[in-house]
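Scroll down for the structure; my scribbles are underneath it.
Remember, predicted model here, so these are calculated numbers, not experimental data. Remember, it's 1-based here, ligands and their atoms both numbered in the order they're listed.
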Amino acid sequence: MASEDAYTAEPFVPARGGLPALRKAAADCRGCPLHRDATQTVFGTGDTDARVMLVGEQPGDQEDRQGKPFVGPAGRLLDRALEEAGIDPADAYVTNAVKHFKFTRAAPGKRRVHKSPTQREAAACGPWLAAELALVEPELIVVLGATAGKALLGSSFRVTQVRGTVLEEEIHGRPERLVPTVHPSAVLRADDRETAYRGLVSDLKVAAQALE
Ligand code: SF4
């Protein structure tokens with residue numbers, strides 16, 4: 001694997017072959033240390049003709065076990081919020097800024113607890129997200145939470161400052177429109193879950209309008 005200063009997925013990303021080739025190659029990515037403890041790579045799902053791309057942080061425990069993004073509790077909440085906002089989840093391409101599950105354990109054999117990826121790990125994984133964006137060419141990117149925002153828009157990104165607005169930025173060399181919002185797992189953790197959920201739906205309605 002690369003030295004610590006050179007963590008990057010770049011050498012593992014195939015130049016051709018479309019999404020199937022990307023997904024296959026990502027399964028063997030060793031671009032940073034996160035592959036060591038995770039069960040498997042969790043690559044994005046959806047079609048290349050998807051109009052909207054949803055970008056989360058990293059796979060969770062369920063996603064790591066099943067090999068698919070947003071299949072756990074946060075994913076179910078996201079699907080409900082998308083439908084309420086007028087976006088068909090089946091029409092979206094869904095992925096994460098980081099493709100391996102990062103976690104800690106309080107003690108050996110204990111439950112795996114999510115640990116946020118570092119900026120360096122997110123940057124290392126960036127070539128996969130860049131390749132997905134180049135193939136899917138979405139009309140809109142929904143940015144789910146701070147890690148995805150920092151990965152796409154830089155370390156100064158603050159989700160509270162820009163959530164529910166349409167941003168226009170150059171991402172990996174392409175002009176993109178983005179709507180940031182909170183990560184659905186933040187809704188699950190919120191003290192006032194209903195208010196947090198309504199905020200997520202409200203932001204997703206901005207995304208739905210931007211797609212009209
Ligand atoms: S997190 Fe990304 S860069 Fe790191 S090993 Fe997994 S796929 Fe590769």
Determine, stepwise, if the pair R112 / D37 fulfils salt bridge (Lys or Arg N to Asp or Glu O under 4.0 Å).
CA-CA 11 Å; R112 304 187 299 177; D37 296 330; over 6 Å; no
Is it the side chain, the backbone, both or neither of W128 that has a heavy atom closer than 4.0 Å to ligand 1?
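For W128, only side-chain atoms sit under 4.0 Å from ligand 1.
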In the structure I gave you, are the side-chain heavy atoms of L54 and V142 within less than 4.5 Å of one another anywhere?
yes
With a 4.5 Å limit on heavy-atom distance, are the side chains of Y197 and L77 in contact?
yes
For atom 4 (Fe) of ligand 1, check which protein N, O or S atoms are under 2.8 Å away and list them.
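Checking every protein N, O and S atom gives C32 SG.
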Could you tell me the separation between the CZ atom of F101 and the CG atom of D61, rounded to the nearest 0.5 Å?
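So the gap between those two atoms works out to 5.0 Å.
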Against Q58, only a single residue in H114, E63, E121, K99 fulfils side chain to side chain contact (heavy atoms under 4.5 Å, CB included); can you say which?
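Exactly one option meets the side chain to side chain contact (heavy atoms under 4.5 Å, CB included) with Q58, and it is H114.
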Looking at the rings of F70 and H183, which for Trp means the six-membered one, are their centres under 6.0 Å apart?
yes
